[in-house]
Asks: 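Just passing along the structure, written as structure tokens.
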Amino acid sequence: MSFLPNDTLDTSSGHDDPLLEGLNPQQLTAVQSRAQALLIVAGAGSGKTSVLTRRIARLIRDRELWPSQILAITFTNKAAGEMRERVEQLVGRDAAQGMWISTFHSACVRILRREAEQFGFTRGFTIYDSADSRALIKRLVKDMQADTLGFTVSAVAGKISKLKNELIDVEGYSRQINANDPTEVMFLELFRRYTAELHRANAFDFDDLIAQTVYLFRAFPQVAALYQRRFRHLLVDEYQDTNHAQYALIRELTRPVEPAHVPADTRIETDASGGIPAAALTVVGDSDQSIYAFRGADIRNIVEFERDFPGAEVILLEQNYRSTQTILDAANAVIANNFDRIAKNLFTAVGSGEKIVGFTGYSQHDEAQFVADEIGTLHEAGTPYNQIAVFYRTNAQTRALEEIFIRSAIPYRVLGGTKFYERAEIKDMMAYLIAVANPADGLAMRRILNTPKRGIGPATETALANHADELGGTMIDALRDAPALGLGPKVTAAIVDLAAILDAASESLDTGLVPDILVGILEKTKYLELLRGSRDPQDEARAENVEELVAVTREFQKNNPEGRLIDFLTEVALVAAADDLDDSSGTVSLMTLHTAKGLEYDAVFITGVEENLLPHQMSATEPGGPAEERRLFYVGITRARQRLHLSLAMTRTTFGDTQVAAPSRYLQEIPAELIDWRDAPGMGTRTTGGGQRALGGSGTPKFGYSTSLPPGKPKKEWANTVTAKVRDNGDLTLEVGDRIRHADFGDGSVTSVTQNGAKSIAEVQFEKAGRKRLLVKISPIEKL
DNA sequence: AGCATAAATTTTTTT
DNA sequence: AATTTATGCT
């Protein structure tokens with residue numbers, strides 16, 4: 001680093017520079033490196049975000065680059081926001097202006113909006129989320145009767161996505177198929193039509209955003225040169241989870257600019273031939289945390305980095321600043337079982353800390369009860385709820401947890417899963433907004449045609465679609481011209497009315513405020529009014545959701561005074577599960593192990609650590625599946641700072657039938673002395689199951705209870721089953737000292753009562769089951 | 001169009 | 001088991 005032009009103070013500068021303060025030698029090297037290509041192998045919790053932000057801050061502060069010459073790619077929008085904030089803290093808000101810090105998808109949208117006209121789209125294009133794609137594919141499969149050949153919507157969607165991630169387009173695919181295989185020919189036709197429909201709708205799906213940007217750069221070198229010149233330094237986080245298309249995008253952006261594409265008045269330094277040298281590249285990743293192979297992430301991108309970028313510098317960060325040594329020992333022991341990896345061992349100076357707590361419940365409800373009880377104890381001991389997280393492999397596992405959490409009055413929020421924007425009423429209103437912004441979007445138009453009900457049935461829809469084709473225009477043109485179709489007077493009036501609503505809204509497209517556009521549509525369609533007047537009790541909640549959407553647009557407009565409708569739609573399309581995480585919410589966070597990547601909590605619960613769940617059943621047949629599942633478990637473990645809890649159930653009910661579950665193979669990989677196995681309270685002695693004996697040891701008998709468990713049924717014989725029952729106790733009130741009987745926990749006495757009415761929470765000391773907090777109104781209890 | 005009933009589908013992970 | 005979707009009926 002001594003050849004730094006600005007580094008006149010040399011060695012002593014490291015101690016005075018606030019940007020270098022508190023870094024270990026490896027981190028210091030990573031922040032200061034001037035390598036053209038740099039790979040930072042950052043183990044979990046090794047302070048990589050700190051390194052990345054300081055690296056960026058230093059480039060800006062030392063005037064090596066303008067902020068606008070930096071492109072930093074993160075995995076989620078939330079991570080992007082945090083990184084921007086931290087850089088701003090280091091160099092000041094104004095000095096950081098103009099940086100691009102965003103996800104691959106957001107960056108590509110930004111590029112595509114500018115350049116869409118170059119290749120047959122408009123800047124108002126819409127983004128199809130997975131549900132939109134599936135709806136379109138569903139229609140195509142039906143139209144072509146592809147289901148008779150065994151095609152399912154999800155199989156087609158998966159394969160198309162995979163091809164796009166590999167940068168294989170329709171033409172490329174047609175060259176590699178066997179024309180005699182009717183299945184392949186059919187798929188090709190589906191792929192072709194899907195692509196054509198998207199183009200006709202002026203829309204991109206998620207995978208297109210990346211792939212089309214790459215195609216754009218390859219087809220128009222002068223456009224590519226624009227961005228190659230602009231971005232002089234690329235930084236990519238979570239590099240282990242990039243797929244081929246993203247890799248190709250990085251390669252395009254880090255190509256040197258040929259003299260032909262260098263403007264005469266460039267202020268960027270040119271090389272001997274008059275061209276501009278390639279931009280610098282910094283990537284950060286950890287192959288042990290690669291968990292997205294299923295959606296095309298290619299671990300070779302990181303493994304072969306040094307070959308891809310000759311002369312690359314590689315720096316290893318192994319010191320962990322997050323977790324206790326106990327947690328790291330467990331993580332190291334687990335990941336060591338993946339053989340084809342570069343050896344890496346996390347260590348910390350923090351000390352060993354608490355033991356890992358293990359628990360085996362009888363059912364998923366029993367397991368959930370354990371989690372709830374432990375959270376109660378932790379909270380009483382001073383851990384705030386928002387420093388506690390519960391992880392699981394599949395979204396379906398939230399149900400049992402939620403049931404028990406509600407009963408135990410634990411405040412929680414579920415990240416991901418069924419999202420706000422997936423609700424029908426929200427999709428309806430979003431469809432209106434999309435139809436206004438992009439009249440070519442047939443999917444959105446179809447959705448709103450008869451929503452709310454205005455007597456436009458399938459026959460009328462087809463007539464309108466055909467008329468649009470005749471006119472050579474879009475659906476909105478056909479709507480305006482409805483009188484020419486000679487339909488009934490009532491239907492015609494309804495159609496013209498709808499056209500007027502859309503036309504009125506699109507007038508304020510480039511100037512109007514987003515909430516105004518939405519409210520205007522709501523008033524003219526009477527959508528909210530109809531929900532309000534409905535007899536269906538659920539419609540009240542739907543009306544509230546619609547109002548929530550209005551509030552969301554207001555919030556958006558507040559944060560983006562210049563934001564237009566299209567910007568709002570983009571933001572909504574690209575929000576991820578982890579993005580709407582509000583750290584100040586004061587609630588326990590529930591999420592999948594995938595969503596947990598990049599986050600950290602004082603106390604972590606990993607639930608459902610069972611065979612067929614973690615590793616998941618579906619991964620068994622995938623090559624490399626079990627190894628990826630192990631990395632997933634590793635990611636989960638390394639999220640914990642202080643305390644880690646691993647739990648499982650002996651039986652699990654899925655699809656309505658109950659099956660015996662065996663402990664995950666990964667549990668055996670953790671040294672037995674790190675785990676403190678707990679028994680269910682009120683159980684007395686248990687000879688089999690969940691104990692250290694059953695899991696530790698050296699012999700072959702792997703799992704004590706898997707053989708002794710009566711196959712199939714008698715749940716009732718177990719002393720401490722927790723049922724999913726919910727009861728309405730009306731306005732039952734309890735006082736301290738009252739004796740009660742609980743359906744699962746037996747008899748106990750009330751030790752305290754907090755809050756009144758429906759939110760009344762009683763703390764009860766049970767004779768056998770210990771102390772529990774209960775939401776009085778819905779707990780299965782009776783007063784004695 | 002609206003309603004009741006039957007059938008199918010859900011659960012791997014996500015930008 | 002629960003929820004969404006298809007079908008048939010008035």
Side-chain angles (χ1 to χ4, degrees), chain A residues 73-80 102-109 127-131 133-134 138 142 152-154 157-158 161 164-165 204-211 238 241-243 245-246 290-297 364-365 391-400 403 415-419 422-424 450 452-459 490-491 535-536 538 570-579 591-598 608 612-622 625-626 628-629 631-633 635-636 652-659 723-725:
Chain A
I73 300 289
T74 58
F75 200 68
T76 62
N77 293 296
K78 178 171 184 274
S102 68
T103 62
F104 272 110
H105 292 84
S106 300
C108 287
V109 169
I127 301 162
Y128 275 21
D129 65 20
S130 329
S133 298
R134 293 174 71 97
K138 191 174 178 182
K142 213 172 195 174
T152 63
V153 174
S154 62
S161 171
K164 288 187 177 183
N165 286 331
F204 295 107
D205 66 21
F206 277 139
D207 303 312
D208 277 337
L209 295 176
I210 315 290
E238 309 283 9
D241 283 323
T242 50
N243 60 35
Q246 291 164 335
S290 163
I291 55 175
Y292 282 102
F294 72 92
R295 71 170 207 216
Q364 50 208 329
H365 303 288
F391 303 154
Y392 37 81
R393 178 66 235 271
T394 68
N395 282 304
Q397 287 167 256
T398 54
R399 186 164 287 177
E403 281 166 1
L415 301 178
T418 323
K419 278 177 250 156
E422 281 166 16
R423 295 167 197 268
N450 200 28
K453 302 263 185 297
R454 46 172 76 91
I456 304 178
K490 238 179 155 178
V491 186
R535 287 198 324 262
D536 188 338
Q538 290 194 322
T570 302
E571 188 175 294
V572 169
L574 296 180
V575 287
D579 288 339
M591 69 191 86
T592 65
L593 285 161
H594 283 88
T595 305
K597 189 172 80 160
N612 298 329
L613 200 53
L614 185 68
H616 195 276
Q617 210 158 10
M618 303 299 270
S619 73
T621 51
E622 298 270 322
E628 175 148 320
E629 299 282 308
R631 290 194 292 269
L632 195 53
F633 188 43
V635 166
R652 192 164 288 271
T653 307
T654 26
F655 289 133
D657 69 355
T658 306
Q659 297 219 298
T723 53
K725 267 196 306 262

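In what follows, chains are A, B, ... by sequence order, proteins preceding strands, each numbered from 1. All heavy atoms count here, side chains included; hydrogens, waters and symmetry mates do not.
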Asks: Using the six-membered base ring of B:dT13, report whether A:F294 stacks on it, requiring centroids under 5.5 Å and planes under 30° apart.
Replies: yes
Asks: Please confirm whether the shortest side-chain N or O distance from A:N612 to OP1 or OP2 of B:dT11 is below 4.0 Å.
Replies: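 False: A:N612 side-chain N/O out of range (4.0 Å or more) of B:dT11 OP1/OP2.
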Asks: For B:dT15, take OP1 and OP2 only and decide whether either is under 4.0 Å from a side-chain N or O of A:N77.
Replies: no
Asks: In this structure, how many angstroms lie between the P atom of B:dT14 and the CG atom of A:D207, rounded?
Replies: 15 Å
Asks: Checking side chain to side chain contact (heavy atoms under 4.5 Å, CB included) between A:L593 and each of A:L614, A:I291, A:T394, which is the one that passes?
Replies: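 The side chain to side chain contact (heavy atoms under 4.5 Å, CB included) with A:L593 is passed solely by A:L614 among A:L614, A:I291, A:T394.
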Asks: Is any side-chain N or O of A:T595 closer than 4.0 Å to OP1 or OP2 of B:dT14?
Replies: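 Affirmative; the distance criterion is met.
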Asks: If you check every side-chain atom of A:R399, which of B:dT15, C:dA2, B:dT11 has the closest atom?
Replies: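 My answer, after comparing the listed nucleotides, is C:dA2.
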Asks: OP1 or OP2 of B:dT14 versus the side-chain N and O atoms of A:T592: is any pair under 4.0 Å?
Replies: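 So the side chain of A:T592 is within the cut-off, an N or O lying under 4.0 Å from OP1 or OP2 of B:dT14.
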Asks: Check the distance between B:dT13's C1' and A:M591's CE and give it to me in whole angstrom.
Replies: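 It works out to 14 Å between those atoms.
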Asks: With the side chain of A:N450 defined as its heavy atoms from C-beta on, choose the nearest nucleotide among B:dT11, B:dA1, B:dT15.
Replies: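 The answer is B:dA1.
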Asks: Counting any heavy atom closer than 4.0 Å, what does A:S130 reach on the DNA or RNA strands: base, sugar-phosphate only, or nothing?
Replies: base
Asks: Toward the 5' end of DNA chain B, which comes first, A:Y292 or A:R134, by nearest nucleotide?
Replies: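 Here A:R134 is the residue nearer the 5' end.
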Asks: For B:dT11 versus C:dT4, give the span between their C1' atoms, rounded off to a whole number of Å.
Replies: 15 Å
Asks: Using a heavy-atom cut-off of under 4.0 Å over every strand shown, decide if A:F655 touches base, sugar-phosphate, or nothing.
Replies: base
Asks: Under 4.0 Å between any heavy atoms, over every strand shown, what does A:R631 touch: base, sugar-phosphate, or nothing? Just pick one.
Replies: nothing
Asks: Do you know which two heavy atoms are closest between A:Q397 and A:G608, and how far apart they sit?
Replies: NE2-CA, 3.9 Å
Asks: So if I take every side-chain heavy atom of A:K138 and compare against B:dT11, C:dA6, B:dT15, which nucleotide ends up nearest?
Replies: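 Of all the options, the side chain of A:K138 is nearest to C:dA6.
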Asks: Can you tell me whether the side chain of A:H616 and the base of B:dT12 have a donor-acceptor pair closer than 3.5 Å?
Replies: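 Absent.
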